[in-house]
Chemist: 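Below are the C-alpha cells for one structure; questions will follow.
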Amino acid sequence: MCGVVGVVLPSHGHEAAEVASTALFALQHRGQESAGVGVSDGSHLMIYKDLGMVAQVLDERRIPSLAGDIAVAHCRYSTTGSTVWENAQPTLRLGPRRAIAVGHNGNLVNTRELLDQLQGGRGRLPASTDTELLTALLADEPAEDTVDALRRVLPRVRGAFSLVVMDEKRVIGVRDPHGFRPLVLGRLHAPGSDAPGLWGEPGGGWILASETAALDIVGADFVRDVQPGELVVLEAGRDPVSVRYAEATPALCVFELIYFARPDSYMEGRNLYEARRRMGMELAREHPVEADLVMPVPDTGGPAAAGFAEASGIPYREGMVRNRYSGRTFIQPSQAMRQRGVNVKLSPLREIIRDKRLIVVDDSIVRGTTTKQIVGMLRRAGAREVHLRISAPPIYHPCFYGIDTAIERELIAATHTVDEIREFVGADSLGYLSVKGVLAGLDLPYDRFCFACFDGKYPEPVPYDATERKFMLETPGGVA
Ligand code: SF4
C-alpha cells in the first residue's frame, strides 16, 4: 500500500509540487517509509525524494525549488524491495525515447517475467522495486508517446497497479484491470475561490489521488473513480481524456474499506466511516456478549466499535489513548519495529478499564503479537474480562497485491483455530465478522471485491514463491 497523487495546473504559477505534496500529506497513513515529488516545467522533469514522512521530506524549504505546473507525488510502504533511498518514489527515467516519472500503489506479480523483457537486464536498474522495472520498460518502449507506451506495455503487466505517470506535458492516471487499489479523479478550484471557477483558467486544474481525503485537503471536488483497466490523461487546459487499455474485471481490495483507507474517504460510493460503523453493528449481531463497555483499539477500530455499541446497547468508552505521533503498528516493516511500536503507541485509561468487562473492537489480527500486547496491557490496567471482536474475517492467506500481510506461516489464523488464537492473545472470548457480515455492512455484492486474504480466491494468479517475493530484485549484497 502506498499513496499517490498527480496534479495538473494551467496557471503557470508553478505550484503543482506544493498542491501535490499537500494532497500527499492526507495520504500519510498509506506509507511512512519514504516520500517524494516529481515536477515538470513543461520541458524538464525533476524529482525530490527521501526516506521519512511526508512533512519531513517535502517541507517548505524544498518545495519552492520544485517549480512546475504538473507534478506527481508518492509515499511508500514497501512490498517489493528494501527501505532504502534508491527505492523511494517517484521513479525517474530519462530515456532516449522519453522522460517519465512514476508513482505506484500496488504490487506486480510477474516481476521476474518482466525482468526478462528488459534489455540489459537487472544491471540497468538503480533500484530493486517492481516500479523501477516498470518505469524502465515504459521509457524504453519504441512507441509514439507515453500513452502509446502504456498501451503497449501494460497488457504484459500482471498484479496490482494504480499509477500516476508523468512526462514533460501530461500526467496519466492508470488502474490495473482488477482495480485492486483505488484511484480517484478530482477537479481543483482557483485558489481562495468557492466558486466552480477552476484553478487559474477555465478548462482544467485536475488532480488524481489514492483517496478522496486527499482531494478534500486541497479543496478539490471529487469527479469520479478512475475505472479498472482505464488510463486517464490529464493535460493543462483540457478535459481529461479516457483511454480503455484492458477489459475491467473489478476486484477492489476489500481491506481498503475495512481498515486501510481513511474513514473520511469514499470508495464505491460509500463513506468508509459509515461502512465500518455498519460492519460493527453486524459484528454485534454475529457475536453478542454481555459486558459493561465497548471500546475501540484506536484509531482504526473506532467506527466499528461505535456500531457495536449502537447495535448492542452497551455504552461506548475510549479505554486507550493513542500517541498521535506514533506510526501505525501494522505498517512498519520489521517484527522488531512492530513490537516496539505497540508499546509507544497505546496507553490504558485505568479509570475507565478497572473492574470492567470490556468488549474491545479491532479491525484485524495479523500475527497476533500486537493484539496479545493490547490484551495484556488492559489486564494489567485492571480489566475483569476482555472480549475481542474483530470487524473482519480471519486472515488465512497472504496478500500479493500491495499489502505486506506477512507470509502464510506468520499469519496466526493460517495455523491456529479461533480458540487457539483467543488463548494466544489472552482474551476471554474472540469473534470475527464473517464475509457475509462485511458485505452487509458495505451493502455491495461480493463480486466487486478481492477477498483473497480471507477466502484464498486470488483474482490474479500468483506465480511466485511467497517467501522470495519482496526481495526478488535485490542482489546478495543489497541494492545494485
Ligand atoms: Fe486486499 Fe486481501 Fe485482496 Fe490483498 S489479498 S488485495 S489485502 S483483499
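What's counted below: heavy atoms across the whole structure, side chains too, no hydrogens, waters or symmetry copies. Atoms within a ligand are numbered from 1 in the order they appear, just like the ligands themselves.
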Chemist: Looking at R262 and E211, does any basic side-chain N land under 4.0 Å from a carboxylate oxygen?
Modeler: no
Chemist: Below 2.8 Å, can you find an N, O or S atom of C453 next to atom 2 (Fe) of ligand 1?
Modeler: yes
Chemist: Testing L234, L92, I70 for side-chain contact (heavy atoms from CB on, under 4.5 Å) with M166, which one passes?
Modeler: I70
Chemist: Examine Y316 together with F308 and report whether their ring centres are nearer than 6.0 Å.
Modeler: no
Chemist: Which atoms of ligand 1 have any heavy atom of C450 under 4.0 Å away?
Modeler: 3 (Fe), 5 (S), 6 (S), 8 (S)
Chemist: Are R151 and D148 within salt-bridge range, i.e. N to O under 4.0 Å?
Modeler: no
Chemist: For ligand 1, which atoms sit closer than 4.0 Å to a heavy atom of C399?
Modeler: 4 (Fe), 5 (S), 6 (S), 7 (S)
Chemist: Quick one: look at K457 and ligand 1, take heavy-atom pairs under 4.0 Å, and tell me if it's side chain, backbone, both or neither.
Modeler: neither
Chemist: Should S128 and N87 be marked as a side-chain hydrogen bond (donor to acceptor under 3.5 Å, both in side chains) after you check the CA-CA gap, both sets of side-chain angles, and the distance that decides it?
Modeler: CA-CA 6 Å; S128 58; N87 287 343; 3.0 Å; yes
Chemist: Can you name the atoms of ligand 1, numbered from 1 with element, that are less than 4.0 Å from a heavy atom of R181?
Modeler: 6 (S)
Chemist: Atoms of ligand 1 less than 4.0 Å from I403 heavy atoms?
Modeler: 7 (S)
Chemist: Any N/O/S atom, side chain or main chain, of C253 closer to atom 3 (Fe) of ligand 1 than 2.8 Å?
Modeler: no
Chemist: So, R30 and E256, do they make that salt bridge, N to O below 4.0 Å?
Modeler: yes
